[in-house]
**Q** 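Let me give you the structure first, and then I'll get to my questions.
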Amino acid sequence: MPYCLVRSSPVGHLYLAGDGSVLTGLWLEGQRHFNAPAPSPPEVPCPPAVTAALRWLDLYFSGEDPPVAGLKLAPGGTPFQQLVWKLLCAIPRGCTVTYKALADEAAARMGAAHMAPRAIGGAVGRNPVSIIIPCHRVVGSHGQLTGYAGGLSVKRRLLELEQAQPPCPFSDLPSVGRPG
C-alpha cells in the first residue's frame with residue numbers, strides 16, 4: 001500500500017512516498033509531473049525508506065552531504081529515464097553539469113554516437129525523486145538556470161545551499177567511473 005507524508009522544508013512542502021521498503025517519490029508541492037498519492041493518515045506507521053529519506057533531507061538541508069547510496073530508491077520510469085537518473089546521482093553536491101555534458105555521457109554509456117540534450121531534459125524533468133536524485137544540478141550550456149519541475153527559484157535556492165560551482169565536464173566529476 002502506498003504511503004505518503006507531507007513535510008515542510010526550506011524550499012516548501014515536500015511529499016515523500018514509499019511503497020513497502022522503498023522510496024518511490026519525493027516531490028515539491030506544485031511541481032510539474034507531481035504524482036504523489038494522497039497523504040497517509042497519521043496513525044499509519046511511516047515506512048523505513050521514508051524515515052531514512054527524512055533523515056537524509058535533514059542532513060542535506062543542514063549543509064551536509066549525505067550519501068544517496070544508503071537509500072532504497074525505486075523511482076518508476078523507462079530504462080532511458082533510469083539511466084539518466086543514475087547519472088544524476090553521480091553529480092556530487094556543489095557541482096553542476098550541462099544538459100549537453102549529460103547527453104554526451106548518456107550516449108557513451110549507451111554506445112550511441114550522439115544523444116540530444118533535449119531528450120536528457122525530458123528525462124531529467126520527469127525525475128520522481130527530486131533533491132535526492134539531484135536534477136537541480138543540471139544547467140544550460142552557459143551555466144544558466146533552465147528548466148526545473150519545482151521552479152527556477154527552488155533550483156536557485158538548492159544550488160545556493162550547495163554553494164554550487166560552474167558546470168564542469170561530466171568525466172571530471174570525482175564520483176564518475178564508466179563501467180568496464
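For clarity, every value in this text was computed on a predicted model and none was experimentally measured. Positions are given from 1, in the same order as the sequence printed here. Values below: all heavy atoms of this structure, side chains included; hydrogens, waters and symmetry mates excluded.
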**Q** Say whether, by atom type as modelled, one donor and one acceptor occur between the side chain of Q144 and the main chain of H142 under 3.5 angstrom.
**A** yes

**Q** Looking at P92 and A90, what are the two nearest heavy atoms and their distance?
**A** CD-O, 3.1 Å

**Q** Show which residues join V6 in its hydrophobic cluster (side-chain heavy-atom contacts under 4.5 Å, direct or indirect), or state none.
**A** Y15, W27, F34

**Q** Could you report the tightest heavy-atom contact between S40 and P2, atom names first, then the distance?
**A** OG-O, 4.1 Å

**Q** Counting only pairs under 3.5 Å, give me each side-chain donor-acceptor contact of residues 120-137, with atom names and distances, residues two or more places apart or in other chains.
**A**
{"residue": "R126", "atom": "NH1", "partner": "H33", "partner atom": "ND1", "Å": "2.4"}
{"residue": "R126", "atom": "NH1", "partner": "H33", "partner atom": "NE2", "Å": "2.9"}
{"residue": "N127", "atom": "OD1", "partner": "V129", "partner atom": "N", "Å": "2.8"}
{"residue": "N127", "atom": "ND2", "partner": "I133", "partner atom": "O", "Å": "2.7"}
{"residue": "S130", "atom": "OG", "partner": "Q31", "partner atom": "OE1", "Å": "3.2"}
{"residue": "H136", "atom": "NE2", "partner": "E162", "partner atom": "OE2", "Å": "2.7"}
{"residue": "R137", "atom": "NE", "partner": "E162", "partner atom": "OE1", "Å": "2.9"}
{"residue": "R137", "atom": "NE", "partner": "E162", "partner atom": "OE2", "Å": "3.3"}
{"residue": "R137", "atom": "NH1", "partner": "I91", "partner atom": "O", "Å": "2.5"}
{"residue": "R137", "atom": "NH2", "partner": "E162", "partner atom": "OE2", "Å": "3.0"}

**Q** Give me the atom names and distance for the closest heavy-atom approach of C4 to P37.
**A** SG-O, 3.4 Å

**Q** Do you know which two heavy atoms are closest between C89 and V68, and how far apart they sit?
**A** SG-CG1, 4.2 Å

**Q** Quick one: CZ on F61 to CZ on R157, what's the gap to the nearest 0.5 Å?
**A** 8.5 Å

**Q** At their closest point, which heavy atom of A107 faces which heavy atom of H114, and how far apart are they?
**A** CB-C, 3.9 Å

**Q** Taking side chain as C-beta onward, heavy atoms only, is T96 less than 4.5 Å from V138?
**A** no

**Q** For Q163, is the CD atom crowded, meaning more than 12 foreign heavy atoms sit under 6.0 Å from it?
**A** no

**Q** As a quick check of understanding, evaluate side-chain contact (heavy atoms from CB on, under 4.5 Å) for Y3 and L23, giving each step before the final call.
**A** CA-CA 9 Å; Y3 176 90; L23 185 73; over 6 Å; no

**Q** Nearest 0.5 Å, what's the CD-CZ distance between E64 and R93?
**A** 8.5 Å

**Q** Applying salt bridge (Lys or Arg N to Asp or Glu O under 4.0 Å) as the test, list every pair that has at least one member in residues 7-26; sequence neighbours left out.
**A** R7-D58

**Q** Given side chains that start at C-beta, do those of L26 and L57 come closer than 4.5 Å, heavy atoms only?
**A** yes

**Q** Return yes if some donor-acceptor pair links the side-chain N/O of R109 with the main-chain N/O of V84 below 3.5 Å, else return no.
**A** no

**Q** Donor-acceptor pair, distance only, cut-off 3.5 Å: does the side chain of T98 make one with the backbone of G140?
**A** no

**Q** Would you call T146 and V139 a side-chain contact if the rule is heavy atoms closer than 4.5 Å?
**A** no

**Q** Which heavy atom in F80 sits nearest to a heavy atom in A119, and how many Å separate them?
**A** CE2-O, 3.6 Å

**Q** Is NZ or CZ of R156 both nearer than 6.0 Å to the six-membered ring centre of Y148 and within 45° of the ring axis?
**A** no

**Q** For the atom pair OG1 (T24) and CG (L16), what is the distance rounded to the nearest 0.5 Å?
**A** 9.5 Å

